[in-house]
Amino acid sequence: MNRPLALTALAAVALTGVFATTSSSAVGTSEAARTQKVLVIGIDGALLSKIQAFNTPALKGLISSGSASRTTLYASPFAPTLSGPGWATNATGVWPDKHKVKSNSWGTGTNLTQYPDFLTRLERARPELSTYAIADWTPLTTNSAGQAIFTDEVQRKVTFDGDALGYPAADAKIATDAAAYLKDTGPDASFVYFGDVDIAGHSCGALGACYRTAVETTDRHVANLLSAIKARPTYANEDWTYLVTADHGHTDGGGHGGSSVPERSSFIIRNGPGTTPGTPAIAPRNVDIAAIVLSRFGLTADIDGQVAPSADPFDSLVGSLQTRADETGVPADMKGWTHTTPAGWTIDNAGLGTGGVREWQGWSFTTDDFWTRAAPNQQRESNVRARGVFAVADSDEWSDKTRSGLFNSKLASPPYDVTGATTATLTFSSHYLKSGNETATVQATFDGAAPKPVLTYTADTIAKLERLTIPVPAGAHTVKITWSLTKGDNDWYWSIDNPHLTTN
């Protein structure tokens, strides 16, 4: 069996304010005595900043007694910021490279059969549970696109065609149907979708009066749903978890599909059991929605989403992040980089050239918001399997200011205890673009002996979860892992996150 390493420096890391929930596998004993209910509300094209700025008492009420966080999405070529990829990601708990919904008209060429929506997973694992989905963007709940995101296994599905009825009218019908069904039947897990905010965004932009009207009208629909739930005769014996999210954002002028910050913006509002109030220090990801829903019913799945963040040593640096030094594309007040290392970690820049952009002088620690704003549209947005604070060696950005020499930098872990083990398993997320003579390698050093390469990249490696099996020499007691990016000459970059090592 695997045993976690006894590494004091990592074990001591405390992540405060993190998006914490119940345990990843089951609800607690006291909660199990009560009936668990989950309502996921999807608001197409909504921006959290506008919800917070407008007259939205229902959504603000969920935020004030729960949590809210802006989340970030991918961009092309990984997937465009469209409704198809967005809602498939929210519903399945995996990123577009797995579910393969890459447009708004995807036909049957997807992996939705392998990665079904969270309601379908509940039906298959616990058929005694009742499920409900209602929407007015038809590809969510009907097979008009060849394959609906929510399958026909969902116990009750309702579709109002927003294109035919008009989305304001269709949203009103959704609110009426959902309020009645939630009050009278109270399905165990529900997905309720409203589409008019997105239509308004296309019509008048995120700064337009019609966008505000649509957001505030949708809030009144949400209020009706919440009132209906609280009017249930059995409400006092039920625990309701509420999750509110979007599939993408909107530009100020209206529209989405591109890679700008507003277009890549989504959010998660959460309220109910297991919610840590406030703004999470480490933002959740949209794939977490499905994982949280399943966890409320004691289920897990092999998906990208997490119920609670793992003990990532890099996330301990969230309080050490600095504002920009040389980067001009990042807002002046945004904190998002540091050369400070977690306890026990080291950076070796002995071979690094001089000068260059200060943020990227050797391995750095950064966030998605900061790194992608520094250089948009170069696939940094595809680094979807990193979250919170992650490590980056960026020869490309380093070279954007006068420098000499090459980019040579090494990031080394603390020593891991491997006493008595025959193999060690190293896992981490990796996002690498190959160019020129630049070389990316992972090395293992046992008891201070000569390092041994365990991985060398020869081609692009996009948003991959690496799992490396490393033989442990007989009698070895410790191993240090080094990530080395060398010979960078205005080439590309390497990002890693959430490194862990276990022994067998």
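Sequential numbering from 1 along the given sequence is applied to the chain's residues.
What you find for Leu82 and Pro85 is that their closest heavy atoms are O-CD, 3.4 Å. Across all non-hydrogen atoms, the minimal contact from Ser495 to Asn383 is OG-ND2, 3.1 Å. Shortest non-hydrogen contact noted between Tyr74 and Thr81 is O-CG2, 3.5 Å. Gly258 approaches Arg264 most closely through the heavy-atom pair O-CG, 4.4 Å. In plain terms, the two heavy atoms of Ala46 and Phe267 that are nearest each other are O-CE2, 3.6 Å. The minimum heavy-atom distance linking Leu73 with Asp247 is given by the pair CD1-O, 3.2 Å.
With respect to Trp494, the ring-ring contact (aromatic ring centres under 6.0 Å, His included) criterion is satisfied by exactly one of Phe390, Trp363, Phe407: Trp363. Put simply, the residue from Ile269, Ile41, Val293, Asn90 that forms a side-chain contact (heavy atoms from CB on, under 4.5 Å) with Leu243 is Val293.
Between the side chain of Ser266 and the backbone N or O of Ala246, at least one donor-acceptor pair lies under 3.5 Å. Here the side chain of Thr56 pairs no donor or acceptor atom with the backbone of Gln52 at under 3.5 angstrom. Not a single donor-acceptor pair under 3.5 Å links the side chain of Arg324 to the backbone N or O of Asp333. Looking only at distances, no side-chain donor or acceptor of Arg296 sits under 3.5 Å from a matching main-chain atom of Val38. Under the 3.5 Å distance criterion, the side-chain polar atoms of Thr503 are left unmatched by any main-chain donor or acceptor of Val418. The backbone N or O of Gly336 lies less than 3.5 Å from a partner atom in the side chain of Thr366, making a donor-acceptor pair. Although no hydrogens or angles enter the test, the distance criterion places a donor-acceptor pair under 3.5 Å between the side chain of Asp288 and the main chain of Gln306.
Using modelled atom types and a 3.5 Å distance limit, the side chains of Glu123 and Thr131 yield a donor-acceptor pair. The closest side-chain donor-acceptor pair between Trp360 and Asp400, if any, does not fall under 3.5 angstrom. If you check the side chains of Asn286 and Thr71, you find a donor sitting under 3.5 Å from an acceptor. Counted by atom type alone, Glu438 and Ser435 present zero donor-acceptor pairs between their side chains at under 3.5 Å. Under 3.5 Å, the side chains of Thr89 and His99 contain a donor-acceptor pair of N or O atoms. Side-chain contact check for Thr338 and Ser320: no donor-acceptor pair (N or O, by modelled atom type) lies under 3.5 Å. Between the side chains of Asp417 and Thr419, at least one donor-acceptor pair of N or O atoms lies under 3.5 Å. Asp198 and Ser83 are not linked by any side-chain donor-acceptor pair at a separation below 3.5 angstrom, with hydrogens and angles left out of the test.
The aromatic rings of His248 and His256 sit parallel, their planes meeting at an angle under 30°, below the 60° perpendicular limit. Using cut-offs of 30° and 60° for the angle between ring planes, the Tyr242 and Trp240 rings count as parallel. The aromatic rings of Tyr432 and Tyr457 lie parallel to each other, their planes meeting at an angle below 30°, with 60° marking the opposite boundary.
Atom NZ of Lys50 has more than 12 neighbouring heavy atoms from other residues, nucleotides or ligands inside a 6.0 Å radius. Within 6.0 Å of atom NZ in Lys434, more than 12 heavy atoms from other residues, nucleotides or ligands are found, so the atom counts as buried in its surroundings. The neighbour count for Lys487 NZ, taken as heavy atoms of other residues, nucleotides or ligands under 6.0 Å away, does not exceed 12.
For Asp497, the side-chain hydrogen bond (donor to acceptor under 3.5 Å, both in side chains) criterion is met by no residue, not counting sequence neighbours. For Thr482, there are no side-chain hydrogen bond (donor to acceptor under 3.5 Å, both in side chains) partners two or more places apart in sequence or in a different chain. Residues meeting the side-chain hydrogen bond (donor to acceptor under 3.5 Å, both in side chains) test with Thr341, sequence neighbours left out: none. Partners of Lys401 according to the side chain to side chain contact (heavy atoms under 4.5 Å, CB included) rule, which considers only residues two or more places apart in sequence or in another chain, are Asp326, Val357. For Thr478, the side-chain hydrogen bond (donor to acceptor under 3.5 Å, both in side chains) partners two or more places apart in sequence, or in a different chain, are Asp447.
Between the NE2 atom in His500 and the CZ atom in Phe428 there is a gap of 12.5 Å [rounded to 0.5 Å]. The CG atom of Asn504 sits 6.0 Å away from the OG1 atom of Thr422 when rounded to the nearest 0.5 Å. Between Leu39 atom CG and Leu62 atom CG the span is 9.0 Å, to the nearest 0.5 Å. For the atom pair Leu317 CG and Asp315 CG, the distance stands at 8.5 Å (nearest 0.5 Å). Distance CD/Glu263 to CG/Leu47: 10.5 Å, rounded to 0.5 Å. Taken to the nearest 0.5 Å, the CD atom of Gln379 stands 4.5 Å off from the CD1 atom of Ile462.
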Working note: Asp369 + Arg70, criterion salt bridge (charged side-chain N to carboxylate O under 4.0 Å, His left out); need CA distance, chi angles, decisive distance, verdict. CA-CA 11 Å; Asp369 250 356; Arg70 187 177 74 84; 2.4 Å; yes

Steps toward side-chain contact (heavy atoms from CB on, under 4.5 Å) verdict (Val330, Glu359): CA-CA 12 Å; Val330 179; Glu359 286 90 334; over 6 Å; no

Verify side-chain contact (heavy atoms from CB on, under 4.5 Å) between Phe54 and Leu59, making sure each step is shown before the conclusion. CA-CA 10 Å; Phe54 296 162; Leu59 291 169; over 6 Å; no

Please report the C-alpha distance between Thr439 and Asn437 in whole Å, then the side-chain angles of each, then the deciding distance to 0.1 Å, and finally whether the side-chain contact (heavy atoms from CB on, under 4.5 Å) criterion is met. CA-CA 6 Å; Thr439 303; Asn437 294 320; 5.8 Å; no

Are Glu466 and Thr461 close enough, and set up right, to give a side-chain contact (heavy atoms from CB on, under 4.5 Å), and what steps lead you there? CA-CA 10 Å; Glu466 291 286 6; Thr461 303; 4.2 Å; yes

Donor-acceptor pairs are to be reported for all side-chain atoms of residues 392-399 against protein atoms at under 3.5 Å, with residues two or more places apart or in another chain.
{"residue": "Asp394", "atom": "OD1", "partner": "Arg380", "partner atom": "NH2", "Å": "3.3"}
{"residue": "Asp394", "atom": "OD1", "partner": "Asp396", "partner atom": "N", "Å": "3.2"}
{"residue": "Asp394", "atom": "OD1", "partner": "Glu397", "partner atom": "N", "Å": "2.9"}
{"residue": "Asp394", "atom": "OD2", "partner": "Trp371", "partner atom": "NE1", "Å": "2.9"}
{"residue": "Asp394", "atom": "OD2", "partner": "Arg380", "partner atom": "NE", "Å": "3.3"}
{"residue": "Asp394", "atom": "OD2", "partner": "Arg380", "partner atom": "NH2", "Å": "3.0"}
{"residue": "Ser395", "atom": "OG", "partner": "Asn490", "partner atom": "N", "Å": "3.3"}
{"residue": "Ser395", "atom": "OG", "partner": "Asp491", "partner atom": "N", "Å": "3.0"}
{"residue": "Asp396", "atom": "OD2", "partner": "Arg380", "partner atom": "NH2", "Å": "3.1"}
{"residue": "Trp398", "atom": "NE1", "partner": "Gly355", "partner atom": "O", "Å": "3.0"}
{"residue": "Ser399", "atom": "OG", "partner": "Ser395", "partner atom": "O", "Å": "2.9"}
{"residue": "Ser399", "atom": "OG", "partner": "Arg403", "partner atom": "NE", "Å": "3.3"}
{"residue": "Ser399", "atom": "OG", "partner": "Arg403", "partner atom": "NH2", "Å": "3.3"}
{"residue": "Ser399", "atom": "OG", "partner": "Asn490", "partner atom": "N", "Å": "3.4"}

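For Trp345 and Phe365, the ring centers are positioned 6.0 Å apart or more. Separation of the Phe150 and Phe118 ring centroids falls under the 6.0 Å cut-off.
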